[in-house]
Amino acid sequence: MSTATTTSTTPPPHVVEESRGVIRLYSDGSVVRTLNPAFSLPLVDNPAVTWTDVVFDSTNDLKLRLYKPTLVPNTTAKLPVFYYIHGGGFCVGSRTWPNFHNFCVRLCHELGVIVVAPDYRLAPETRLPAGIEDGVAAVEWLKGEAEKGADDTWIGDVADFGHVLVCGDSAGGNIAHHVAVRARSGWLGPKVRVRGFVMFAPYFGGTERTRSEAEGRTDAFLNLDSIDRYWRLSLPVGATRDHPLANPFGPDTPSLEGVPLAPMLVVMGEHDLLKDRVKDYSDRLKKLGNKVEYVEFEGEEHGFPILHPDSKTVTELVELIEKFIAENLDA
């Protein structure tokens with residue numbers, strides 16, 4: 001007598017989340033990530049700007065990119081330090097991507113600043129708060145550079161560590177917010193002082209939809225599906241968009257009343273789905289007594305500084321940042 005045997009087969013893993021062709025999350029929890037940028041742009045350098053990569057976290061192999069003018073004026077005045085923390089929904093992006101690199105080159109050249117552009121760990125392989133903690137660590141790295149002195153660092157002889165500004169773009173803007181909340185007097189030692197924050201469309205969330213989110217275009221560069229997907233991939237498992245890492249005024253977020261924040265410049269595009277949420281954030285900080293300048297650019301959407309880097313609007317944006325820096329060097 002023969003006995004029939006049944007072989008059970010497990011179906012192969014299938015894609016459950018995908019973003020811009022860069023990451024794919026499979027049903028078995030595995031993640032496939034390409035190193036190719038989501039933007040097909042050439043890397044544009046400028047002979048007036050020199051740059052180099054430096055490791056700031058050897059444990060997690062995290063690097064930052066430093067930019068400085070090739071020829072620094074022969075004066076006793078040193079250059080402000082300007083952090084640029086890239087965006088990407090906490091899931092995609094790198095200091096090496098051409099869109100971010102090219103913008104940093106422009107900022108360095110036109111603002112006459114030292115630009116520091118750090119990477120941070122990305123989700124879903126490493127969920128929040130890792131990326132935010134990495135952003136904080138990248139700013140803390142500057143304390144060590146200031147303590148080494150001019151002879152031991154690439155920027156030490158030209159950087160004014162007493163005049164630091166932190167800029168964040170989208171998810172980087174969220175990180176900048178958390179840096180701002182932690183930036184107490186003396187936090188970075190006696191030589192380093194953060195004078196202000198610049199935020200491009202900071203990536204905040206909440207379970208209650210705003211009007212701009214609910215009525216935003218479905219074909220927008222950052223549409224509602226993308227907003228929700230990035231939060232699903234980046235927040236701690238089981239967390240909602242009201243988590244304190246996502247919602248700065250959420251039900252479980254520590255109150256910001258009595259927390260002094262350095263001056264802020266908050267920049268939005270008219271058609272950005274995050275507009276209403278970020279405008280509310282700015283208004284609330286103002287009511288708490290903080291110095292916040294909110295500027296909205298007509299006709300623009302999320303990510304316009306890196307999507308249209310050579311546009312007239314971005315030229316106006318760079319001029320706005322230059323004015324903000326000048327006004328807050330002694331804040």
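Note that the numbering runs from 1 along the sequence shown for the chain.
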Non-hydrogen atoms of [X] and [Y] that approach each other most closely:
| X | Y | value |
| --- | --- | --- |
| Ile325 | Val113 | CD1-CG1, 4.3 Å |
| Thr50 | Trp154 | O-CH2, 3.4 Å |
| Val278 | Pro202 | CG2-O, 3.4 Å |
| Pro124 | Arg127 | O-CG, 3.9 Å |
| Phe90 | Ser234 | CB-CB, 3.8 Å |
| Lys286 | Val292 | CE-O, 2.8 Å |

If we ignore hydrogens and angles and just use 3.5 Å, is the side chain of [X] paired with the main-chain N or O of [Y] as donor and acceptor?
| X | Y | result |
| --- | --- | --- |
| Ser27 | Pro13 | no |
| Glu213 | Gly216 | no |
| Arg195 | Gly162 | yes |

query = Which one of Tyr120, Phe103, Phe200 satisfies the ring pair (Phe, Tyr, Trp, His ring centres under 6.0 Å) criterion with His86?
reply =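 It is Tyr120; the other options fail the test.
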
task = Going by the ring pair (Phe, Tyr, Trp, His ring centres under 6.0 Å) test, name the single residue among Phe249, Phe204, Tyr203 that passes it with His177.
result =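 The single option meeting the ring pair (Phe, Tyr, Trp, His ring centres under 6.0 Å) with His177 is Phe204.
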
Could you measure the distance from the [atom1] atom of [X] to the [atom2] atom of [Y]? Nearest 0.5 Å is fine.
| X | Y | atom1 | atom2 | answer |
| --- | --- | --- | --- | --- |
| Ser282 | Glu296 | OG | CD | 10.5 Å |
| Lys63 | Ser58 | NZ | OG | 12.0 Å |
| Phe82 | Cys104 | CZ | SG | 8.5 Å |

Pair [X] + [Y], salt bridge at N-O below 4.0 Å:
| X | Y | answer |
| --- | --- | --- |
| Lys148 | Glu145 | yes |
| Arg229 | Glu17 | yes |
| Arg121 | Asp57 | no |
| Arg33 | Glu125 | yes |

Are side-chain heavy atoms of [X] and [Y] found at a separation under 4.5 Å?
| X | Y | result |
| --- | --- | --- |
| Leu307 | Phe221 | yes |
| Asn174 | Ile132 | yes |
| Val164 | Arg193 | no |

ask   = Between Val115, Val54, Asp119, Thr96, which is the residue that forms a side-chain contact (heavy atoms from CB on, under 4.5 Å) with Arg65?
value =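 The side-chain contact (heavy atoms from CB on, under 4.5 Å) with Arg65 is passed solely by Thr96 among Val115, Val54, Asp119, Thr96.
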
request  = Among Asn328, Leu285, Asn290, find the one that has a side-chain contact (heavy atoms from CB on, under 4.5 Å) with Met264.
outcome  =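 Exactly one candidate clears the test, Leu285.
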
ask   = Given the rule that I, L, V, M, F, W and Y join up when any side-chain heavy atoms are under 4.5 Å apart, are Leu43 and Leu41 in one cluster?
value =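 In one cluster: no.
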
message = Cation-pi check for Tyr83 against Arg95: NZ or CZ below 6.0 Å from the six-membered ring centre and within 45 degrees of the axis, yes or no?
response =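 No cation-pi geometry.
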
query = Considering residues, nucleotides and ligands other than Arg211, do more than 12 of their heavy atoms fall under 6.0 Å from its CZ?
reply =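 Open: at most 12 neighbouring heavy atoms sit under 6.0 Å from CZ of Arg211.
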
